2 protein chains.
Amino acid sequence: MASRYHCPVELTMDVVGGKWRPVILAHLKEGVHRYGELRRRMPEVSEKMLVQRLRELEADGLVSRHERDTNPPWVEYRLTDEGRSLAPVLQAMYDWGLERARRTGATIIDPPT
Amino acid sequence: MASRYHCPVELTMDVVGGKWRPVILAHLKEGVHRYGELRRRMPEVSEKMLVQRLRELEADGLVSRHERDTNPPWVEYRLTDEGRSLAPVLQAMYDWGLERARRTGATIIDPPT
DNA sequence: CTGTATCCGCACAGATACTG
DNA sequence: CAGTATCTGTGCGGATACAG
């Protein structure tokens, strides 16, 4: 992570850029999710990528991980305050994506809850 | 570019994702820019990347290119209506980047106009 | 259920040189 | 001024198998 940028948007993309990070954040914005729920909502991402991104988002202070010591394991992910501060960005992305899909005929497949 | 997504944010990232595309769009959001102006405002991007991204944004209908037949050459880039529809996304990214810089101590270097 | 561990390909990205 | 052309590499992302 660099610390000198020539435009605030560069910094934002450094934190929430990449294929899956904003998608994870958008789901967590809707509430606490277990690991398996995230997997079901993002059927295209590999386990490796999902875990990797979650760890990075944790390290960046946007997401927190909560492990219940049960069997079977139960792990929840949620946004931190810093993560919630991204809500306007995520919402704008979500809204634009919906409209763009309408205009271009792309399909949004409803994810299972 | 895929046409089936499981979340609108995936679609948005497919279009404005990547390191430089949103930065280009954020600059053009402020008005028409010549090629050289974009270069000065984005000193870290290579010419190859800048041109490549501009061509892609053109192909996606977000940016239009206007060439004045003069010597020396004079090429302007501007947002299309579709590109302007991204304003809320770009603005939210810009605002969040500024705040995040304040919180983390990252430096935003003012670009020359 | 919630992850690790490996292997692999390639698209993205940087550097440099050159051109109408 | 506004690009092309070419070479090179590396890290992102995917697939698969395995583990506590």
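Note on naming: letters A, B, ... go to the chains in the order of the sequence lines (proteins, then strands), and numbering restarts at 1 for each one. Everything numeric here is computed off the predicted structure, so don't read it as measured data.
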Charged N-O contact under 4.0 Å between [X] and [Y]:
X	Y	result
B:D60	B:R21	yes
A:R39	A:E37	no
A:R65	A:E67	yes
B:K19	A:E10	no

When you check the phosphate oxygens OP1 and OP2 of [N], does a side-chain N or O of [X] lie under 4.0 Å from one of them?
X	N	result
B:R39	D:dG3	no
B:R34	D:dC1	no
B:Y77	D:dG3	yes

On DNA chain C, which is the earliest and which the latest nucleotide, 5' to 3', with an atom closer than 4.0 Å to a heavy atom of chain A?
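Span of nucleotides near chain A: C:dC1 to C:dC7.
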What is the distance, to the nearest angstrom, from the [atom1] atom on [X] to the [atom2] atom on [N]?
X	N	atom1	atom2	result
B:R65	D:dC1	CZ	P	16 Å
B:E37	D:dA2	CD	C1'	13 Å
B:R55	D:dA5	CZ	P	11 Å
B:N71	D:dG3	CG	C1'	14 Å

Give a yes or no on whether B:Y94 atom OH has more than 12 heavy-atom contacts from other residues, nucleotides or ligands under 6.0 Å away.
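For B:Y94, atom OH is not crowded (no more than 12 foreign heavy atoms under 6.0 Å).
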Taking OH in B:Y35 as the centre, count heavy atoms belonging to other residues, nucleotides or ligands within less than 6.0 Å. Is the count above 12?
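It does: B:Y35 OH has more than 12 such atoms within range.
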So what is the end-to-end bend of the helix from C:dC1-D:dG20 to C:dG20-D:dC1, with 5 pairs used at each end and the value given to 10 degrees?
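End-to-end axis angle: 60°.
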First of B:P72 and B:V51 reached from the 5' end of DNA chain D, by closest nucleotide:
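Result: B:P72.
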Rounded to the nearest 0.5 Å, what separation is found between the NE2 atom of A:H66 and the CZ atom of A:R34?
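These two atoms lie 14.5 Å from each other.
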With side-chain contact (heavy atoms from CB on, under 4.5 Å) as the test, pick out the partner of A:W96 among B:V9, B:L90, B:V89.
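Single side-chain contact (heavy atoms from CB on, under 4.5 Å) partner of A:W96 among B:V9, B:L90, B:V89: B:V89.
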For residues A:H6 and B:E44, is any side-chain donor paired with an opposing acceptor at under 3.5 Å?
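There is such a pair between these side chains.
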B:H33 and B:R41: side chain donor to acceptor below 3.5 Å
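Yes, because at least one side-chain N or O of B:H33 sits under 3.5 Å from a partner of the opposite role on B:R41.
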Using nucleotides 12-19 of chain D, report all nitrogen or oxygen pairs with the protein that are shorter than 3.5 Å.
from	atom 1	to	atom 2	distance (Å)
D:dG13	OP1	A:K19	N	3.3
D:dG13	OP2	A:R53	NE	3.4
D:dG13	OP2	A:R53	NH2	2.6
D:dG13	N7	A:K48	NZ	3.3
D:dG13	O6	A:K48	NZ	3.1
D:dG14	OP1	A:K19	NZ	3.0
D:dG14	OP2	A:W20	NE1	3.4
D:dG14	O6	A:K48	NZ	2.3

Quick one: are A:Y5 and A:D14 in side-chain contact, heavy atoms under 4.5 Å?
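Result yes, sub-4.5 Å side-chain heavy-atom pair found.
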